Colleague: 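My questions all concern the structure below.
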Amino acid sequence: MIVGEQKPLEELWEYIKDHKKVLVFGCNTCVAVCQQGGNKEAEILASMLRMKATQEGVDIDIQDSGIERQCEHEFFEKAEDRIEWADAVLSTACGIGVQFMAENYPKPIYPGLNTTFLGAVEELGVYTERCQACGQCILARTGGICPIARCAKRVMNGPCGGSTNGKCEISKDVDCAWQLIVDRLKLLGQLDQYEELTPIKDWSSDRAGGPRKLVREDVQHDS
Amino acid sequence: MKKKGNSTKRGSVLIAGGGIGGMQAALDLADSGFKVHMIQKDSSIGGTMSMLDKTFPTGDCSMCMISPKMVEVGRHPNIVLHTLSEVTAVEGEPGDFTVSVHEQPRYVDAEKCTGCGACEKKCPKLVVSEFEQGLTKRKAIYSLLPQAVPNTRVIDPVNCLYLQRGRCKACVKFCDANAINFDDTAKDYQLQVGAIILSPGLDRYNPRVRQELGFGRWPNVVTSLQFERILSASGPFSGEIKRPSDDKHPRKVAWIQCVGSRDPHNANPWCSSVCCMYATKQAVIAKEHDGSIQPTVFYMEMRAFGKDFDKYVDRAKTEYGVVYRRTMISDVKEDPDTGSLILRYAAEDGKLINEVFDMVVLSIGFQPHADAAEFARTFGIEPNIHGFARTSTLSPVETTRPGVYVTGTYQGPKDIPETVAQGSAVAGRSMALLGEARGTDITVQELPEERDITEEEPRVGVFVCHCGINIAQTVDVKGVAEEMRGYPGVTYSDDLMYACAPDGQEKIKEIINEHKLNRVIVASCTPRTHAPLFQDTIREVGLNKYLFELADIREQCSWCHMGQKEIATLKAKEIVKMNVAKARHLQPVHTDAVDVTPAALVIGGGVAGMTSALSLADQGFDVHIVEKNDQLGGLAANVYRTLDGSDVQAFVEEKIAAVDNHPNIATHLDTEVENTGGFVGSFKTTLANGDQFAHGAIVVASGGMEYEPEEYGYKESDHVITQRELEKQIAEGLDPGSRHFLMIQCVGSREEPLNFCSRICCQDAIKNAIAIKEKSPAAQVTILYRDIRTYGLREDFYQKARDLGVLFVRFEPEAKPQVDIDGDRIQVSAFDYVLNRDIRLFPDTVVLSTGLRPHPLTEKVGKQYKLTRNPDGFFLEAHVKLRPVDFPSEGLYVAGLAHAPKNLDETVSQALAAAGRAGVLLSHDKLSVSGIISKHDRDICMSCLACLRVCPFGSPFIDEDGKVSHNEVICTGCGICAGICPAKAFQVNNFRDDQIHAMIDAATENICAKA
Amino acid sequence: MTAKTPSKLEKILAAGHFAVTSECGPPRGSDPTPIIEKAEMIKDYVDAINITDNQTSVCRTCSLAVCIRLKTMGIEPVLQMVTRDRNRIGLQSDILGAAHWDINNILCLSGDHQSFGDCSKGQNVHDLDSMQLLQTVRLMRDEGKFLGGDDIKRPPQMFAGAAANPFADPFEIRVARLAKKVAAGAEFIQTQCIYNLDKFEEWMKGVRDRGLHEKTAIMAGLTPMKSAGMARYMKNRVPGMDVPEEVVKRLADTPKEKQAEEGIKMCIESIQRLKEVEGVRGFHIMAIEWEEKVPGIVESSGLYPRPEV
Amino acid sequence: MTVQAQAAVPEEAPSIEPVIEIPEDWDPSILAFACHYCAFAAADLAGVMRLSYSHNVKIIRMPCTGKLDHGYVLRAFERGVDGLFVAG
């Protein structure tokens, strides 16, 4: 799921301090799971901003609301009136939701979160990056662990010289992807696969190849 | 099964004794439809446990555990309390007894007295308080303890000035409820009951007898129970540890063990089982109160045989610095000018030492009440040689008279969990005896249809209670009532002299009907004890009982702001406003119920499994035993004799036979549980062999396993055997001749990685040693031990073994005995503390007392039912003291070695207890779900699993269509899921977000108004 | 083994002599004089000088410019190239740039993560990794082709090499990893600085078992310690570095002012010992900011004068 | 906090509110969230023993302190409560 982190309160305050009616608008799917952008966090953020407003002696009417997902039109109908009422919206959805609203509403839509990565919930409260969405998956060759997403230098024939006791050179808290890959290949008895050179990667399907689009005619509805 | 019919058996039970054991039995029986008559000698129930400050090994506060139970017993519609009463005669036979009871006069009318305490304040006569063990005084009119149940005051006729010399009557003058009634007389009446349970508990040994310890002469020598009162926050010194002589804080405190126990000459020969542990606890808690205290415990043997006891003692030594000296005190002298005490004892190396201590605590043991002999005669049961109720190891809760059962310390000295377990056990036995009479003696109240108020605007009624002077003395009650008249949503607001009194109740019902109220707020004492009372009252006039909130303006306002009239009144108003604000948002709560399949699954066919199964079957429920092996019996199958000589093989065969031809029991051998679906009340289990059945409860009796030793050369020579193998040889007619048997204790126990006592090995060793010596006195038996833990009445056999000439040599874990084998010669070298030098022995046979381990299946069963285990791998019970056979999630019970190592009689008690507890559950057709639970809204839940990960009871689960669902039956309403749910899909009834927000807004009304 | 490129380093190795290389870090400015002085100082004592490529992600003059400078001074440069800073277009273009000036040695590296350097907020490239760069060098040289497939007019004549760290984790694949580099086209290897000689010899044994020491020229990397403090820093703070406790202890036991001398002594002892290890074909002496010591080390470890080829 | 390369990113110093001086006659309003089984029971026992403590605290009964919600804390502070006491 998509993981994001709330922006510092100071930064958000800078966005909304000159507006009169602000709606803090939650998105109740991915970013609610990491408890940063869900409807409840929107409520909490609204309350924090209201207290900031009173501290700064500025009169702003800050409301909060939220919908299931901000990346699909139909969900917005339920909150149409609240969005109309506001003269600025602080959306705590991931970057997708913020832009999706910006395309549909003629008023400033400010991002509440810094969207960080596609990740897994290792345990309650611990989210770790897993996938870079490079468009050409090589997990079959690396025993199911992706060096592109989980190696700091995207080394395709790792490990590099800097890995010490299984950790990446950049930090003791980051596993060396290739250490995991080697352990995993050993577990699966595919260690001989390690010596095959990984060919140079075709990055055209990655973000480097430009913004991507998927069209499924068979699913398209000619409404 | 409830067959009303014309059975001659009576549906009620008499319980003689209101301690924790009697209370547990009373609650189990009352909850499963039996009428209970509880006879209590004192003016309040609670017994010894209510005098304790904290309990081992967890350090939980005793009153916090027992007072909810006392309140429940006090309020239970099926339980009748007969305090200040004694049984004078018993006639009849099992199922139909007639019991005559003599009740002393209380001189206070229970209906009128509200426990306000005004009388006690004014009573001039001071009397030494028995409850506080003579450390402080009480009045002639008094309540036994602050949390007494019933909390009606009682007048002590011996000391009351009016009753003795016709003067004073101060209490009458000051009692607004005119509840004092000096014309009260003793009453004699008869009760018809089906079974009798004896739980009179024990008296404490009075150490004054042993002059040399100086109790009664030197003030700073106190008994352990006095020290409990000193430690207690509600005790004479409010928890501050002070010396009775000069109120100074003691630095060096000594505990002397076995005072009055294990001393056949001038006290009691038995071991009282609990003193080693309560001394350790008192030392630890004392250290927590005052870090500068240096505790020292003088003991003979550290009998920490229970679950996690050894770990607790180790922690006392390492973390709290408690010093343990294995030597007895010869005498105690007082240094007159300091009041400190000089203790004389022989140190390890034999030198005589005089050590000065600021305070000495005598760990006094138990002994039967002075009138125990007469008590036994009244009930027609035979006492054993020591005056306890005579029972046999293999039926520990049955007295010599059928239909009369015993629980707790009257059956033999024991700790609280064993007492509670026996409480449930005797409840189970009584249910089995009176099965078909269940429900015949209780009156079920007819309630009118509930009014549907969902469409109505909130019409809140506020009743502000004077509670005599308790609230009115500090809070302007009329002012509060007036203030609330204008408050939004309030339709009626007035004051009441005593809201909880019967007339107060009637007034409330009248006003509800007259003003068509749909929410009720009573402002009086604490909701914890009185909310259920008012909820039932408003339900009697058709209002859903959750449309009620109780504002605590006594304990949390008038009593703690005494004298500050105007501040307290303001605060009372705010408290009532908060609750009214919440009341406006209260919704009716309909508790649905779940069908209960009257059948039980018992996992494990050992003694524990079979005993539970038989008791449940006798209660009329179907039982399915699932046994992994191809025959029943478990570990007990290769045990021959108990310590007191009962034939175990016969007992096991008899149990197997009873199980095989009991119509209600189905046995599934040579198979395991494949999986269990459903939840409490309606489980569905499939076995590995394909059998399937439905059941409402599960008893886990997966048993234990004997430790297979590697050490002491067990593998190298067949002259090195285990106690079990020796027992088999003895049973098969071994002729010991003049051979030398050397036994080694604690093999594979009490050392890392499994640092726990297996509890049975000392008994096994002594049993076999006696058998050998009795067979041929020429044989020589030496036992190398660390601590002989023959606790309770087993101490007699330790004495007997020594009399028969068995030698006991102690070793320390650092200097364990060495066993060297070459061919047939075995040499054992060890260090003898008494001779203070190394010794070498050449026994013919070495016998290893091996301990117990959790059965390898424990882990698998644990995973299947989400049951947690302690670090040693045994199952963790719901509460170490008060729910010893329950698991946290309802419907699951544990018995036998799967819970912890225990002796056969304790396994039988625990198995009967599990059957009793399961019986309570299965006795209901419907399992009513409590109202205060968490409600889950599936359409706004996105299955983020945060709730599933935090719920301690495992009630959120991933259902068939892969989304999160919530099992309301298991939910206890703690609301942790609601606290963490990002989508706010969980709301706890009566604690919903809008209700709490309303309270916060009301509480901050004045601030926002001012700003 | 006959030399395939005009590289002097390759010729020396092909002739069976012990090759000696050293390393210089370009300056953080455009003034060439410091690098010229360093090169002058050591040019008669080494066969080639590596020029680092923005080492530890710290911006410096590029390696290519300094290599050209050395070339004009008649010194054999070794161009170091990291895949962190250029995509495949940049890499091929710079290889041609070097070939343009007849620079014939290249060392292919991934490069340290940018978070260690002065531009931690920068984006890293890693279009290719070090092994894929080796393949590219060999493709351009042996088949005269660009990655895109077109022919190269006057293909580059690069003697291709790679770095190797015998001590990094996971240890059990370190030999397999060397095999991969050889398969990718590495003709010479310069190892991480060696302090744990036993572990290095264990690695070399693995290398020899797979006959890799004949397929590529392994040059032992050495860095003399200046002080006990430096030893501790390298041991604890530099990732992938294996500094045994005795090395730290030996330095710590010598008085402060003598520690540098002791460091040099230990370096020379290592060289003597490594000379005996079958498969070691040369020494890569990295004395960054201490270049003046290289002549002394080369001389007293019997590697002077350098063979003419 | 996302785990980046700590080696390079310095921590920003947290912004601390300026200290406001407390007026003489300040009568703070404290709200307590007390769990029904432990803290609420303890408050009752304090009353039963007639212990006296400052009147500024008002107690809201909760099923368990685990039920405490960010929303309650912020709503209380937003409406001017001076201090919160959570016990269980």
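Per chain, numbering begins at 1; letters A, B, ... match sequence-line order. Quick caveat: nothing in here was measured; it's all calculated off a predicted structure.
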Colleague: Determine, stepwise, if the pair Thr54(A) / Glu78(D) fulfils side-chain contact (heavy atoms from CB on, under 4.5 Å).
Modeller: CA-CA 9 Å; Thr54(A) 32; Glu78(D) 223 185 304; over 6 Å; no
Colleague: Only heavy atoms, only distances under 4.5 angstrom. Which residues in residues 43-50 of chain A are near chain D?
Modeller: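 Result: Glu43(A), Ile44(A), Ser47(A), Met48(A), Arg50(A).
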Colleague: Could you name the residues of residues 54-62 of chain D that have a heavy atom within less than 4.5 Å of a heavy atom in chain A?
Modeller: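 Against chain A, none of the residues of residues 54-62 of chain D fall inside the cut-off of heavy atoms under 4.5 Å.
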Colleague: Counting a contact as any heavy-atom pair under 4.5 Å apart, which residues of residues 63-72 of chain D contact chain A?
Modeller: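 The residues closer than 4.5 Å to chain A, in numerical order, are Asp69(D), His70(D), Gly71(D).
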Colleague: So for Lys172(A), is it side chain, backbone, both, or neither that comes closer than 4.5 Å to the heavy atoms of chain D?
Modeller: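 Answer is neither: Lys172(A) stays 4.5 Å or more from chain D.
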Colleague: Considering only heavy atoms, give the residues of residues 120-153 of chain A separated from chain D by less than 4.5 Å, sorted numerically, with 'none' for an empty result.
Modeller: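 Listed by number: none.
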Colleague: Got more than 12 heavy atoms from elsewhere within 6.0 Å of CG, Asp59(A)?
Modeller: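 Count not over threshold, so no.
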Colleague: Does OH in Tyr53(D) sit with more than 12 non-hydrogen atoms of other residues, nucleotides or ligands closer than 6.0 Å?
Modeller: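 Enclosed: over 12 neighbouring heavy atoms sit under 6.0 Å from OH of Tyr53(D).
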